[in-house]
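Note: hydrogens, waters and symmetry copies are ignored here, and every other heavy atom, side chains too, is used. Reminder, nothing fancy here: chain letters follow the sequence lines and each chain counts from 1.
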2 protein chains.
Amino acid sequence: MSLPHAILTALMEKPSSGLELTRRFDRSIGYFWSATHQQIYRELGKLETGGLIRALPAEQPARGQKKAYEVLPAGRAELARWTAAAQDPKPMRDVMLLRLRAAAVVGTAGLEADLRRHLELHEQQLAEYREIERRDFPPGKDGPEDRLRHLVLRAGIDLETFWTQWLRRALTDFPDMPAPEGL
Amino acid sequence: MSLPHAILTALMEKPSSGLELTRRFDRSIGYFWSATHQQIYRELGKLETGGLIRALPAEQPARGQKKAYEVLPAGRAELARWTAAAQDPKPMRDVMLLRLRAAAVVGTAGLEADLRRHLELHEQQLAEYREIERRDFPPGKDGPEDRLRHLVLRAGIDLETFWTQWLRRALTDFPDMPAPEGL
DNA sequence: GCACTTTTTGCAACTAGTTGCATAAAGTGC
DNA sequence: GCACTTTATGCAACTAGTTGCAAAAAGTGC
């Protein structure tokens with residue numbers, strides 16, 4: 001149940017409409033909590049009903065017209081409560097690791113190409129993160145909020161670094177292992 | 001749609017009943033693709049209906065009685081197809097990173113304790129993986145299947161290593177930053 | 001042989017996320 | 001000023017995963 005809190009965080013940073021939120025989820029926040037616009041609109045509705053946010057007064061609310069939301073005190077309190085509450089880490093779920101495990105029983109045919117493709121994708125993501133770091137966290141910019149956000153970004157950088165290294169290693173000692181023929 | 005393939009992989013390694021699968025998901029396979037017994041039973045039903053697996057002949061099938069499944073040729077083919085098919089990596093979703101980001105706007109009160117707890121949990125998991133490596137992959141055991149499975153395990157080890165390092169760093173330069181008082 | 005627990009299987013309801021599409025307003029080209 | 005695209009909001013149906021519970025068989029204690 002984290003999407004509402006992701007939205008509250010984004011709205012605290014800056015009151016926004018659904019579409020603006022969607023765009024920001026495609027960039028910063030979405031890097032570690034992705035969401036589609038449908039999810040966001042649905043959740044905005046629930047948050048408004050629940051009294052955690054409210055629509056900023058607009059001339060006439062109508063379809064196809066921007067409607068911006070801001071966080072109410074109750075929403076802020078809920079976000080603080082959630083942030084402090086203990087939560088267990090979710091067990092990892094990774095398809096590529098599962099596919100490698102499957103390859104150990106049905107053969108590696110066809111897998112190598114996708115490993116290369118993933119390596120490229122992770123390299124791109126890593127480059128993007130590094131660019132953000134260069135742009136948004138120049139030396140000296142280190143207020144408490146910056147320190148926290150930088151820490152989050154560094155997790156992204158280190159994770160992508162891990163994947164690129166692991167994928168390179170996988171490609172290096174990849175056994176050429178066609179599917180065993182008998183059933 | 002990976003659960004059926006996780007189950008097929010497990011059944012290829014060894015025909016099993018639902019409960020045996022559940023136990024194995026709690027150990028090896030579940031380390032990177034977790035599932036509850038309810039999910040497993042439901043999926044076994046679908047796989048059987050779909051003709052990908054079949055129940056091994058038992059005396060009389062009845063409730064509360066072990067029913068083991070084995071993979072049929074169609075199931076093996078489907079697993080090979082899925083393994084080779086290109087798939088995009090899923091965008092990451094991590095609650096702790098989100099909480100840190102939230103803490104940048106509502107303050108860090110209460111978070112530190114849970115960071116410590118997570119560090120401990122990740123250290124435990126890392127120790128467990130290392131123990132498995134010591135036990136299951138002694139030097140010399142490196143057939144093609146072993147190489148692949150070892151690669152998967154190493155991803156787990158490196159990921160847990162990353163988390164422990166990152167959490168230690170987070171705790172080190174954690175700003176003491178109570179919630180800003182004004183709304 | 002009867003109560004009690006454990007093992008094994010499973011259903012039903014709920015929550016979260018995804019996919020596909022619709023509808024209204026506003027801008028754009030000519 | 002009319003067709004066409006873009007922006008912005010949203011509903012509905014579907015898929016995957018989680019939670020809570022229960023029922024049948026088999027083992028256990030006395």
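- Counting to the nearest Å, the P atom of C:dC11 and the CD atom of B:E43 are 13 Å from each other.
- A straight line from CG of A:L19 to P of C:dT23 spans 20 Å, rounded to a whole angstrom.
- Heavy atoms of B:T22 sit nowhere under 4.0 angstrom from any nucleic acid atom.
- Applying the salt bridge (Lys or Arg N to Asp or Glu O under 4.0 Å) rule to pairs touching residues 39-50 of chain A yields nothing, sequence neighbours excluded.
- To the nearest angstrom, C1' of D:dT19 lies 16 Å from CG of A:D88.
- Within the structure, ring-ring contact (aromatic ring centres under 6.0 Å, His included) pairs that include any residue of residues 92-117 of chain B do not occur (at least two apart or interchain).
- The stretch residues 118-160 of chain A participates, sequence neighbours left out, in these ring-ring contact (aromatic ring centres under 6.0 Å, His included) pairs: A:Y31-A:Y129, A:H122-A:W163, A:F137-A:H150.
- B:S17 has a side-chain polar atom (N or O) that falls below the 4.0 Å cut-off from OP1 or OP2 of C:dT9.
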N/O donor to acceptor pairs below 3.5 angstrom from side-chain atoms of residues 80-91 of chain B, sequence neighbours left out:
| from | atom 1 | to | atom 2 | distance (Å) |
| --- | --- | --- | --- | --- |
| B:R81 | NE | B:E78 | OE1 | 2.9 |
| B:R81 | NH2 | B:E78 | OE2 | 2.8 |
| B:T83 | OG1 | B:L79 | O | 2.7 |
| B:D88 | OD1 | A:R117 | NH1 | 2.8 |
| B:D88 | OD1 | A:R117 | NH2 | 3.2 |

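- In this structure, A:F25 atom CZ and C:dT18 atom C1' are separated by 16 Å, rounded to whole Å.
- Rounded to whole angstrom, the span from the CG atom of B:L21 across to the P atom of C:dT8 amounts to 12 Å.
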Set out, line by line, the N/O atom pairs under 3.5 Å between protein and nucleotides 12-17 of chain C.
| from | atom 1 | to | atom 2 | distance (Å) |
| --- | --- | --- | --- | --- |
| C:dG17 | OP1 | B:R93 | NH1 | 3.4 |

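- Nearest-nucleotide positions on DNA chain C for B:K90 and B:Y69 put B:Y69 closer to the 5' end.
- Legend: residues meeting salt bridge (charged side-chain N to carboxylate O under 4.0 Å, His left out) with B:R116, ordered by chain and number and at least two apart, are B:E112.
- Identified under the salt bridge (Lys or Arg N to Asp or Glu O under 4.0 Å) test for residues 148-168 of chain B, with sequence neighbours left out: B:E13-B:R149, B:E123-B:R168.
- Side-chain proximity of A:T36 to the nucleotides C:dG10, C:dT19, D:dT9 is greatest for C:dT19.
- Distance OH (B:Y41) to C1' (C:dG10): 8 Å, rounded to an integer number of Å.
- Contact annotation: A:R23 side-chain N/O to D:dA8 OP1/OP2 distance is under 4.0 Å.
- Between A:E131 and A:R134 there is a salt bridge, since at least one side-chain N of the basic residue sits less than 4.0 Å from a carboxylate O of the acidic one.
- A donor-acceptor pair under 3.5 Å is formed between the side chain of A:T49 and the backbone N or O of A:G45.
- For the helix from C:dG1-D:dC30 to C:dC30-D:dG1, the axis fitted to the five pairs at one end and the axis fitted to the five pairs at the other end meet at an angle of 10° (nearest 10 degrees).
- Per the geometry, NE2 belonging to B:H37 stands 11 Å off P belonging to C:dC11, to the nearest Å.
- Among residues two or more places apart in sequence or in another chain, the ring pair (Phe, Tyr, Trp, His ring centres under 6.0 Å) test is passed with A:W33 by none.
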